[in-house]
Amino acid sequence: METEAPELLERKVQTRREGLPELPNLDGRKPVLRFAPNPNGPLSFGHSRGLVINGQYAKDLDGELILRFDDTDTTVKPPMLEAYESIPEQQEWLCGFSAHRIVIASERMEHYHDHARMMLERGFGYVCTCSGEEFKAFRVSMTECPCRNNEDSNNLQLWEKMNDPDGFQPGDAVLRVKTDMTLKNPALRDWPAARIQTNSHPRVGNKWRVWPLLDFQSAVEDHLQEVTHIIRGKDLMDSTRKQTLLYEHFGWKYPETIYWGRVKVHEFGSFSTSQMKRDIAEGKFSGWDDARLPTLSALSRRGIRPDSLRSFWIELGLTQKDIAVPLSTLYSHNTKIIDPDAPRLAFVRNAFPIVLNGEYPKSGKIQSHSDTEMPPRNYSIEEGVWIEQEDSGKSIRLKDLCDIDVDGNVESIDRSDKRPVVHWVAGGKPSTLTIADGQDLKIVEGILEDHSYPVGTIVQLERIGYAIIENDGLLMTHD
RNA sequence: GCUCGUAUAGUGUAGUGGCCCAUCAUGAAGCCCUCUCGAGGCUUCGACCCGGGUUCAAAUCCCGGUACGAGCACCA
């Protein structure tokens, strides 16, 4: 066999798919994708998945990314005006390009109202005046609510009454999509499409009274924008089903839909935008970029690079599995990106002075990075150096300088044995290293080597980890 | 309760009937390099949820079980 058919004995090389899976049913089209956050706050780590995946497909396949503000709730999740500015900036920071289109739902209300009327005229929608409790009973018992049989003309009158400030009040009536009350999935039975809200909207004020709900607004807008692929969390699976029923009524074709599962990052615990907003207002956090928060502004401030987030999410892929990932996975992506450009610097925590006795080079140059060419750093010693308290009281090797004994007597210039190598600072300036540790912010005092790197430079503190230089000290990036 | 979904090493992930005694990354352990507890290089460890079935052949298809998650809002 070896001579007759050697190829049968060879182990074939396994091929591994790289990057994102192919987009299904593209049919030669350029994909149109969208990412639709609620502008009730700035973007968080969780949002970055949607942005990265949708953005990456748009970029790779020469398609388009729509950034859509789903700001139709003025009551539970009131929009925050600053977010209309910060979200596009963060989107560009993360994706590396700006979205091809920006759509703001609150400015497209005419379209939603037009389609709502169309629904009533064509008889696949109705105005329901049952209370939430009453309708729930109908849904559970699979029976039709009396409002379902309204005449189309009557529905249009009721619709006008919903829009009339002197007519229905919030809670009195909703617009429903006629599906089928005997559908197996209770979530799909005559689902609500719009309701009355009288709170003022920060962008359009009181111009509108009847506001669409997500499933209706999103469905109509996806059609109007000719979205080809929707990629979103699997918690929205029933949304797809609800919206597909609406599309059937309108005679439209629903976009291709792909889902991902839930991601839990243990270190971040459970933060919600509204909870963060409250905590910031109460002074529990310094702002949206407080290093302890999982916001993109906080991650960016700490020195997490957008390309790290991109490779992180792309590596996780598009499985529907619910997963728990440690932050160290993101950090390992980030290390690969920042390490080549991170100059080495010494920061001595709990500084302990030690006087050097003997002959040694009192000034000189030390490499800033062992693997890349960077201008070296200079040192100049008067009589002694700072070392960390923890390193005192034993024979040590001062990195790139000399071996010393417990009392600071120089024993050798060259490395003479396996004693621990320790970092040190000659001169330097007092500084602080701020470390975000869960809900706590640890501030470590120390002496930082003199340097001339500008604010925003990511450095590697020898034997400690990566940190970013801020105006008033150092902020820990990660180990 | 009803409905829907997922299940590959510690953590993620590749894999759609024979290239699989299962990929890659991360993690852990060890070695090399390096005057950092960093980076880089090498080696090792480690997995197809369970039970049936279909088939010459199953991680892959079917059925049942179990576990976990999500939806059933006048939130997104």
Side-chain angles (χ1 to χ4, degrees), chain A residues 7-8 10-18 21 36-40 69-73 75-77 105 128 130-132 135-136 139-140 142 162 170-176 183-189 191-197 210-211 213-215 217-218 232-242 259 261-264 266 273-274 311-312 314-326 328-333 335-336 338-340 342 344 346 366-367 369-372 397-403 414-415 419-423 460-466 479:
Chain A
E7 71 278 6
L8 293 179
E10 268 175 45
R11 177 152 293 172
K12 290 184 183 165
V13 183
Q14 184 160 10
T15 52
R16 182 182 163 82
R17 203 204 71 231
E18 298 269 340
N38 183 323
N40 65 334
F69 293 94
D70 279 353
D71 58 345
T72 56
D73 181 354
T75 313
V76 184
K77 294 178 178 172
C128 175
C130 299
S131 70
F135 194 84
K136 188 176 180 181
R139 181 170 52 233
V140 170
M142 296 165 96
M162 282 179 78
D172 288 352
V174 295
L175 173 69
R176 288 189 184 281
L183 250 21
K184 274 171 67 182
N185 187 342
L188 314 184
R189 297 169 195 160
W191 53 270
R195 81 313 206 177
I196 303 166
Q197 285 187 130
V210 178
W211 289 83
L213 287 152
L214 168 87
D215 286 310
Q217 178 269 127
S218 178
R232 59 184 172 196
K234 69 173 183 182
D235 51 312
L236 264 12
M237 273 183 169
D238 282 346
S239 266
T240 299
R241 299 183 183 105
K242 286 190 221 176
Y259 307 97
R262 211 178 68 154
V263 174
K264 205 154 68 183
H266 185 256
T273 303
S274 37
S311 52
F312 172 81
I314 288 169
E315 186 178 64
L316 291 197
L318 281 174
T319 62
Q320 290 187 26
K321 222 161 110 180
D322 298 317
I323 54 178
V325 219
S328 58
T329 304
L330 173 63
Y331 294 161
S332 106
H333 283 282
T335 297
K336 288 193 178 69
I338 62 177
D339 184 74
R344 273 49 175 167
I366 299 177
Q367 276 190 311
H369 196 301
S370 57
D371 313 325
T372 65
R397 164 95 191 153
L398 297 177
K399 187 173 184 291
D400 298 309
L401 187 64
C402 60
D403 288 357
D414 291 323
R415 193 171 183 187
R419 68 183 76 189
V421 177
V422 157
H423 67 294
Q460 191 206 61
L461 302 177
E462 288 182 338
R463 295 174 69 219
I464 300 174
Y466 302 92
D479 294 340

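Please read these numbers as outputs of a predicted model, since none were measured by experiment. Chain naming here is simple, since letters A, B, ... match the order of the sequence lines and numbering starts at 1 in each.
No donor-acceptor contact under 3.5 angstrom links the side chains of A/R232 and A/S239, judged on distance only. Counted by atom type alone, A/D238 and A/N185 present one or more donor-acceptor pairs between their side chains at under 3.5 Å. Side-chain contact check for A/T72 and A/Q217: no donor-acceptor pair (N or O, by modelled atom type) lies under 3.5 Å. Counting only N and O atoms by type, the side chains of A/D479 and A/Y466 include no donor and acceptor under 3.5 Å apart.
Here the separation of B/rG46 from B/rU11, taken at their P atoms, is 16 Å to the nearest Å. As rounded to the nearest Å, B/rG30 and B/rU16 have C1' atoms that lie 38 Å from one another. B/rC45 and B/rA25 are spaced 16 Å apart, taking the P atom of each and rounding to whole Å. Rounded to whole Å, the separation between the C1' atoms of B/rA57 and B/rG18 comes to 6 Å. The same atom, C1', is picked in B/rA59 and in B/rA9; the two are 14 Å apart, to the nearest Å. The gap from the P atom of B/rC21 to that of B/rA58 amounts to 12 Å, rounded to the nearest Å. Rounded to a whole angstrom, the distance from the C1' atom of B/rC35 to that of B/rU13 is 38 Å. B/rG10 and B/rC42 have their P atoms separated by 24 Å, with the value rounded to a whole Å.
Note that SG of A/C130 is 15.0 Å distant from NZ of A/K136, once rounded to the nearest 0.5 Å. Note that CZ of A/R241 is 11.0 Å distant from CG of A/L236, once rounded to the nearest 0.5 Å.
Regarding A/I314, its CD1 atom lies at a distance of 15 Å from the C1' atom of B/rC24, rounded to whole Å. In this structure, the CZ atom of A/R189 is 8 Å from the C1' atom of B/rU3, given to the nearest Å. Atom CG of A/L318 and atom C1' of B/rA14 are 14 Å apart (whole Å). Between the CZ atom of A/R195 and the C1' atom of B/rC74 there is a distance of 7 Å, given to the nearest Å. One atom, NZ of A/K77, and another, C1' of B/rC74, lie 14 Å apart when rounded to the nearest Å. Summarising the geometry, the separation between OH on A/Y331 and C1' on B/rG27 is reported as 16 Å, rounded to the nearest angstrom. If you take CZ of A/R17 and C1' of B/rU16, they are 13 Å apart, rounded to a whole angstrom. Atom pair A/D73:CG and B/rC74:C1' shows a separation of 10 Å (rounding to whole Å applied).
Contact annotation for A/G171: base contact, defined as any heavy-atom pair under 4.0 Å involving a base atom. Counting non-hydrogen atoms under 4.0 angstrom, A/L236 reaches a base of the nucleic acid. Using a 4.0 Å heavy-atom cutoff across all strands shown, A/T72 reaches sugar-phosphate atoms only and no base atom. Note on A/G132: a base of the nucleic acid sits closer than 4.0 angstrom, heavy atoms only.
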Anything under 3.5 Å between a protein N or O and an N or O of nucleotides 32-38 of chain B, put it in a table, one pair a line.
from	atom 1	to	atom 2	distance (Å)
B/rC35	O2	A/R397	NE	2.6
B/rC35	O2	A/R397	NH2	3.4
B/rC35	O2	A/D400	N	3.1
B/rC35	N3	A/R397	NE	3.1
B/rC35	N3	A/R397	NH2	2.1
B/rC35	N4	A/R397	NH2	2.8
B/rU36	O2	A/R463	N	2.9
B/rU36	N3	A/Q460	OE1	2.6
B/rU36	O4	A/R344	NE	2.5
B/rU36	O4	A/R344	NH2	2.9
B/rU36	O4	A/Q460	OE1	3.3
B/rC37	N4	A/R463	NE	3.2
B/rC37	N4	A/R463	NH2	2.1
B/rG38	O4'	A/Q460	NE2	3.4
B/rG38	O2'	A/Q460	NE2	2.9
B/rG38	O2'	A/Y466	OH	2.4
B/rG38	N2	A/R344	NH2	3.3
B/rG38	N2	A/D371	OD2	2.9
B/rG38	N3	A/R344	NH2	3.2

I'd like a list of close polar pairs between nucleotides 60-67 of chain B and the protein, N/O only, cut-off under 3.5 Å.
none

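A salt bridge is defined here as a Lys NZ or Arg NE, NH1 or NH2 lying under 4.0 Å from an Asp or Glu carboxylate O, and A/D414 with A/R397 fails to meet this definition. With salt bridges taken as basic N to acidic carboxylate O contacts below 4.0 Å, none links A/K264 and A/D322.
Across all their heavy atoms, A/L183 and A/M142 have their closest contact at O-CE, 4.2 Å. Nearest heavy atoms, A/R189 versus A/V140: NH1-O, 4.2 Å. Listed here is the closest heavy atom pair of A/M162 and A/V174: CE-CA, 3.7 Å. Contact between A/R176 and A/C128 at its shortest, heavy atoms only, is NE-SG, 3.4 Å.
Of the two residues near RNA chain B, A/L213 and A/A187, the one whose nearest nucleotide lies more 5' is A/A187.
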Steps toward side chain to side chain contact (heavy atoms under 4.5 Å, CB included) verdict (A/R463, A/V422): CA-CA 8 Å; A/R463 295 174 69 219; A/V422 157; 4.0 Å; yes
Where do A/D71 and A/K77 land on the side chain to side chain contact (heavy atoms under 4.5 Å, CB included) test, with the steps shown first? CA-CA 8 Å; A/D71 58 345; A/K77 294 178 178 172; over 6 Å; no
Across nucleotides 4-12 of chain B, 5' to 3', mark each nucleotide with B, S or - according to how protein heavy atoms within less than 4.0 Å reach it. SSSSS--SS
Dot-bracket notation for RNA chain B, counting Watson-Crick and G-U pairs under 3.5 Å, with | for partners on another strand: (((((((..(((.....[.....)))((((((.......))))))...(((((..]....))))))))))))....
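Considering only side-chain N and O atoms, A/T75 lies nowhere under 4.0 angstrom from the phosphate OP1 or OP2 of B/rC75.
In this structure, A/E315 has no salt bridge (Lys or Arg N to Asp or Glu O under 4.0 Å) partners at least two apart in sequence or on a different chain. With sequence neighbours excluded, the residues that form a ring-ring contact (aromatic ring centres under 6.0 Å, His included) with A/Y331 are A/H478.
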